[in-house]
Structures are given as C-alpha cells and as structure tokens.
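Accompanying notes for the structure given below.
Any value given below was found using the heavy atoms of this structure, including those in side chains, with hydrogens, waters and symmetry copies removed. It should be emphasised that the depicted structure is a prediction, and the values quoted were computed from it without experimental measurement.
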Amino acid sequence: MAVPSTTPTFSTTPMNQENQVTGATIWLTGLPSAGKTTIAYELADRLRAEGHRVEVLDGDEIRTFLTAGLGFSREDRHTNVQRIGFLADLLSRNGVKTLVPVIAPYSDSREAVRKRHMAGGTAYLEVHVATPVEVCSERDVKGLYAKQAAGEISGLTGVDDPYEEPESPDLRIESHNQTVQESAAALHALLTERGLA
C-alpha cells in the first residue's frame, strides 16, 4: 500500500502581475514642521484607496514606543534612524508600502539605510521635503522653534543642530509652494513611474 508523501509541494508557477505585491520604503526627510508627516498620511490614504498595503512610521510615535531610551546626540540620532530603517526594510520586504516621515538629519545615516535596502533588493526612495527653515519656524506645529528661541530647548535640527540636505534625492518637494494634495500627487507620480503604484 502506497503511503502518501508528507513532503509539502510548492507551486513553481510565477505569480501573475495582479497577485504580485510590491513593497517599498519611501523616506521623507526634512526639517521639523516641513510637512513630512502630513504629506505621508495624504499619500497613505491615496495608496490604501488603490488597494495597497501601507504603513506610516511616524517619527514621534517611533520615539515613544520603539526608541524611547535614545536622546538627541549624533550617535543616538544615528541609532534611531538605523532602527527605523530596519523596521521599514522588514515591512517593505513583506509587500508593504512603508512611508517614513522622519527628519534623519545626517547623510551617512540615510545612506546606511539606503544600502540596507539595496543589499536586500528592496525598493527605496528618498524624498526631501525642502521647506525653508523660515517657513518651518512660522508653522511651528509642535512649538519647537518657539521653545528654542526662548532658550527652553537646544539641539533643534536646522537651527542649532545640523541638517545635511540630500544632494540627489529621488524627489524634492517644496511644500511651501504647493498644497499637501499636490505634494502627495507628485510623490504618487514618482511611485507610478518606478512601477510601485
């Protein structure tokens, strides 16, 4: 009597295009109050409406739940960015469009995240939300610029702590010259161009 094989069998038929789920990390870097998070959530809504799996890794939430023990020294900022980069890569490799509105002020930290993605063959886009510091300080969404000016805090990125602008981002958004919807649309167009949306 033949005993059925207990070895699992897997289909070798390639997934068709309709069933293929492509993840990607879209990192939005820029000064505090540049508009990174607002644009990310606007784009996330649009992508979800199209049926994509999407997560937003909000920098403030990450600081609260994942990297609460880190400060704001250069070393701690680098560690923070690498942890977020690891999580973003993990999600993206599993078919999630991962939007990361995180300042990430140092170019070497951002480059390390890009290299992690490249090593695993994961799509990675760097978007510079290039809002001038004067505009950011007027918006001052979290009151950080006012606190810095009053001497209540120090180490504010772009004011008394460095911000190294990306030299050649995949996209540069000047959010002060267009609406949130226009900014999100420009980013969506880039994703479409790269075959990611």
request  = Check whether any side-chain heavy atom of Ile26 lies under 4.5 Å from a side-chain heavy atom of Thr98, and answer yes or no.
outcome  = no
key: side-chain hydrogen bond (donor to acceptor under 3.5 Å, both in side chains) partners of Ser137, counting only residues at least two apart   = none
query = Is it true that the side chains of Asp140 and Ser33 contain a donor and an acceptor less than 3.5 Å apart?
reply = no
request  = Let me see the working for Arg114 and Glu111 under side-chain contact (heavy atoms from CB on, under 4.5 Å), right down to the final yes or no.
outcome  = CA-CA 5 Å; Arg114 180 188 289 277; Glu111 185 59 24; 3.9 Å; yes
ask   = Do Ile62 and Ile103 share a hydrophobic cluster (ILVMFWY, side-chain heavy atoms under 4.5 Å, transitive)?
value = no
Side-chain heavy-atom pair Leu43, Val54 within 4.5 angstrom cut-off = no
inquiry  = With clusters defined by side-chain heavy atoms of hydrophobic residues (ILVMFWY) lying less than 4.5 Å apart, directly or transitively, does Leu47 cluster with Ile173?
reply    = yes
query = For the residue pair Thr157 and Pro105, what are the closest heavy atoms and their distance?
reply = CG2-CB, 3.9 Å
Side-chain polar contacts of residues 190-197 - donor-acceptor pairs under 3.5 angstrom, sequence neighbours left out - could you list them?
residue, atom, partner, partner atom, Å
Thr192, OG1, His188, O, 2.9
Arg194, NH1, Asp170, OD1, 3.3

message = Given 3.5 Å as the limit, does a donor-acceptor pair link the side chain of Arg172 with the main chain of Ala130, or not?
response = no
task = Quick one: closest heavy-atom pair of His128 and Gly30, and the distance?
result = CD2-CA, 4.4 Å
inquiry  = Can a donor-acceptor pair be found, under 3.5 Å and without considering hydrogens, that links the side chain of Tyr41 to the backbone of Lys36?
reply    = no
key: Flag for His78-Ser109: side-chain donor and acceptor within less than 3.5 Å   = yes
request  = Taking the side chain as every heavy atom from C-beta outward, state whether Ile39 and Pro101 have any pair of such atoms under 4.5 Å apart.
outcome  = no
task = Could you check Thr131 against Ser175 for side chain to side chain donor-acceptor pair (under 3.5 Å), going step by step and ending with a plain yes or no?
result = CA-CA 6 Å; Thr131 310; Ser175 73; 2.7 Å; yes
Residue pairs fulfilling salt bridge (charged side-chain N to carboxylate O under 4.0 Å, His left out) with at least one residue in residues 73-87, sequence neighbours excluded = Arg74-Asp108, Arg74-Glu164, Arg77-Asp161
ask   = In this structure, are over 12 heavy atoms from other groups packed under 6.0 Å from Glu167 atom CD?
value = no
inquiry  = Would you say Asp160 and Ser154 are linked by a side-chain donor-acceptor pair, where the criterion is simply a distance under 3.5 Å?
reply    = no
message = Applying side-chain contact (heavy atoms from CB on, under 4.5 Å) to Leu87 and Leu57, what does each step give before you reach the verdict?
response = CA-CA 9 Å; Leu87 180 57; Leu57 300 183; 4.0 Å; yes
ask   = Do the side chains of Val113 and Trp27 get nearer than 4.5 Å, heavy atoms only?
value = yes
key: Within 45° cone and under 6.0 Å: Arg63 NZ/CZ vs Phe72 ring   = yes
message = Applying a strict under-4.5 Å side-chain criterion to I, L, V, M, F, W and Y, I'd like to know whether Ile84 and Leu70 cluster together.
response = no
message = Looking at every heavy atom in both Glu42 and Ala184, which two are closest together, and how far apart are they?
response = CG-CB, 3.5 Å
ask   = Do Leu99 and Leu125 belong to the same hydrophobic cluster, where Ile, Leu, Val, Met, Phe, Trp and Tyr are linked whenever their side-chain heavy atoms lie under 4.5 Å apart, directly or via other members?
value = yes
inquiry  = Test side-chain contact (heavy atoms from CB on, under 4.5 Å) on Val133 and Val159; report intermediate values, then the result.
reply    = CA-CA 8 Å; Val133 67; Val159 179; 4.2 Å; yes
task = Find the distance between CD (Glu134) and CG (Leu31) and round it off to the nearest 0.5 Å.
result = 9.5 Å
message = Using modelled atom types and a 3.5 Å cut-off, is there a donor and acceptor pairing between side-chain atoms of Lys97 and backbone atoms of Thr22?
response = yes
message = Between Arg48 (side chain only) and Arg53 (backbone N and O only), is there a donor and an acceptor less than 3.5 Å apart?
response = no
Heavy-atom side-chain contact between Thr25 and Val100 under 4.5 Å = yes
ask   = Tyr163, Leu144: one ILVMFWY side-chain cluster at the under-4.5 Å cut-off?
value = yes
key: Distance-only donor-acceptor check, side chains Tyr124 and Ser92, under 3.5 Å   = no
query = Got a second to check how far Asn94's CG is from Glu55's CD, nearest 0.5 Å?
reply = 12.0 Å
ask   = Regarding Gln178 and Ser183, is there a side-chain donor-to-acceptor distance under 3.5 Å anywhere?
value = yes
message = Tell me the closest heavy-atom pair linking Pro166 and Arg110, and the distance in Å.
response = N-NH2, 3.4 Å
ask   = Does Lys142 reach the side chain of Pro32, with side-chain heavy atoms less than 4.5 Å apart?
value = no
ask   = Is there a donor-acceptor pair under 3.5 Å between the side chain of Thr179 and the backbone N or O of Glu182?
value = yes
